[in-house]
Amino acid sequence: MRNSVFAATSTLALLAAVSVSAGPQAEVLHWWTSGGEAKSVAVLQEEFAANGGTWTDMPVAGGGGDAAMTALRARVLSGNAPAAVQLKGPAIQEWYDEGVLADISAVAEAEGWDKVLPASIAAHMKCEGSWCAAPVNVHRVDWLWANAEILSANDIAMPTSWAEFNAAADKLQAAGVIPLAHGGQAWQDATVFEVVALGILGVEGFHKAFVELDPATLTSDKMHAVFDQMRKMRGYVDSNFPGRDWNLATSMVMNGEAAFQIMGDWAKGEFLAAGKVPGEDFLCASAPGNGFLYNVDSFAMFDVDGAEKQDGQALLAKLIVGQNFQKVFNLNKGSIPARVDVNMAEFDSCAHLSAAEMTSSSKEGSLLPSYAHGMALRGAQSGAITDVVTAHFNSDMTSDEAVTMLENAVRNSL
């Protein structure tokens, strides 16, 4: 009996020791799997480990995050949610409404997040006044990327209007160059669409259409013009575009197979990861039109049991918004820091342009949430719009038919 008691006591002591030594733990679900993205998330893993944490990686490939959200739903329904999940915009609020998010206000208040984050960014991270997510960065969506050598060889300047873009694309096509690198995935179609829409509808028109869902704007002559331009864009991509991942499209520009790409500044992360130099190997400019479309990556914390997991969430949240990670991560990712007090001296010229135009757009009221990247609308509404966009892009549908379908799709999604 004494041996049994001793064995039981020893087992309990061993379990206690293991529990103490385990330290903060976090299973992290994300979709950062491409070269620049993987390098960026590795920075957080290393810093988490350096602070005594144990990171369990759960990457789910797919740049738009759809596959990751499918995996998340399965985990939540089984009662086994990851500690931290890459989420953004209204999706954070949708999961909060399901009652599965944790409150990380204690960390946010201790670290003074309200003092270092722009109010518009902070608002996305709060659920009914409590902090439920930590912002990683600010991506600009409405970027135009170009192969510098191709443009120089064809005497083409970075276009400042869609008419100039069309003229450049026609010239490139005549010279046997693919004008636009594009991947035929719904979220990529939607990205090009909203960038074109901002340039044609303007800041107020974009807000009315894709934030307010104003029927008059959705059926306006300018919306017809947006679909007209999208039909032109369809003619500027190569025949092998269906199903192509976004980073492979970026590689086409990088390798001189195509001249332009319309993509958020995560594309810059790919250029930089390949050792390309902005202004020399590749060019960056805001796409034609005014305004600044933003996409903020963030991690929402889900309710988990166990002190180690909860400690892991607290440590993860602190590190994510910390100055060091905000700087190093965004240097790798191609985006700019979410917090405003990070030293930008090491950032490249494209990042400085992004930071300057974000500041000016914020002052002018032209800082806009991206619909295509889940910042402006909830899933049902954004999905309805994207379904129309991709149906139009991949068929011979007329602009009139697309506008009618858009009006009906948005109405039925409400």
Side-chain angles (χ1 to χ4, degrees), residues 29-31 60 62-77 81-82 84-103 119-136 138-139 141-142 185-191 193-195 197-198 201 205-219 223 264 293-303 367-391 405-414:
L29 189 157
H30 62 90
W31 59 87
V60 181
D66 293 341
M69 291 304 95
T70 300
L72 175 61
R73 291 186 193 97
R75 291 288 301 271
V76 172
L77 287 173
V85 178
Q86 185 183 352
L87 284 180
K88 57 191 176 185
I92 297 171
Q93 314 304 320
E94 289 177 330
W95 282 107
Y96 175 77
D97 291 344
E98 296 294 325
V100 294
L101 293 192
D103 185 347
S120 58
I121 304 303
H124 288 289
M125 305 299 126
K126 295 180 180 179
C127 299
E128 294 187 342
S130 297
W131 293 86
C132 52
V136 173
V138 176
H139 274 299
V141 175
D142 53 319
Q185 297 171 334
W187 72 271
Q188 293 190 62
D189 296 341
T191 298
F193 174 77
E194 73 169 354
V195 172
L198 177 59
L201 298 177
F206 184 94
H207 193 277
K208 282 185 171 294
F210 304 114
V211 178
E212 301 173 33
L213 298 176
D214 173 54
T217 307
L218 291 171
T219 57
M223 189 61 75
L293 288 177
Y294 67 82
N295 171 26
V296 178
D297 284 314
S298 56
F299 280 98
M301 305 300 167
F302 279 65
D303 281 325
L367 197 60
L368 297 165
S370 163
Y371 118 73
H373 294 273
M375 297 302 302
L377 300 169
R378 292 205 169 196
Q381 289 72 52
S382 63
I385 295 170
T386 296
D387 285 347
V388 175
V389 170
T390 198
M405 183 182 287
L406 181 64
E407 179 187 21
N408 292 334
V410 170
R411 183 176 62 247
N412 293 334
S413 72
L414 298 173

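As a basis for the values below, the full set of heavy atoms in this structure was taken, side chains included, without hydrogen atoms, waters or symmetry mates. If you're wondering where the values come from, they're calculated on a predicted model, not measured in any experiment.
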For the residue pair [X] and [Y], establish whether any side-chain heavy-atom pair is separated by less than 4.5 Å.
| X | Y | result |
| --- | --- | --- |
| L213 | I385 | yes |
| V410 | Q381 | no |
| P215 | R411 | no |
| F302 | L101 | yes |
| K88 | V296 | no |
| H373 | Y294 | no |
| S298 | M125 | yes |
| V85 | M69 | yes |

Testing the basics here: between [X] and [Y], what is the closest heavy-atom pair and its distance to 0.1 Å?
| X | Y | answer |
| --- | --- | --- |
| V76 | A81 | CG2-CB, 4.1 Å |
| K126 | Q93 | O-NE2, 3.1 Å |
| V136 | F299 | CG2-CD1, 3.8 Å |
| A372 | T191 | CB-N, 3.9 Å |
| M223 | T217 | CB-O, 3.7 Å |
| L218 | A209 | CD2-O, 3.7 Å |

What's the spacing between [X] [atom1] and [Y] [atom2] if we round to 0.5 Å?
| X | Y | atom1 | atom2 | result |
| --- | --- | --- | --- | --- |
| D103 | Y96 | CG | OH | 8.0 Å |
| E407 | N412 | CD | CG | 10.0 Å |
| I92 | M301 | CD1 | CE | 10.5 Å |
| D66 | W187 | CG | CH2 | 10.0 Å |

Check the angle between the aromatic planes of F210 and Y371 and answer parallel, tilted or perpendicular using the 30° and 60° thresholds.
->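 Answer is parallel, since the angle falls under 30°.
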Report the residues that fulfil salt bridge (charged side-chain N to carboxylate O under 4.0 Å, His left out) with D142, sequence neighbours left out, ordered by chain and then residue number.
->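 Scan of D142 (salt bridge (charged side-chain N to carboxylate O under 4.0 Å, His left out), adjacent residues dropped) gives R140.
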Only counting residues at least two apart or in another chain, list the ones meeting salt bridge (charged side-chain N to carboxylate O under 4.0 Å, His left out) with D97.
-> R378
From the list V141, L293, V211, side-chain contact (heavy atoms from CB on, under 4.5 Å) with L368 holds only for L293
Look at the side chain of T386 and the backbone N and O of G383, then say whether any donor-acceptor pair between them is shorter than 3.5 Å.
-> no
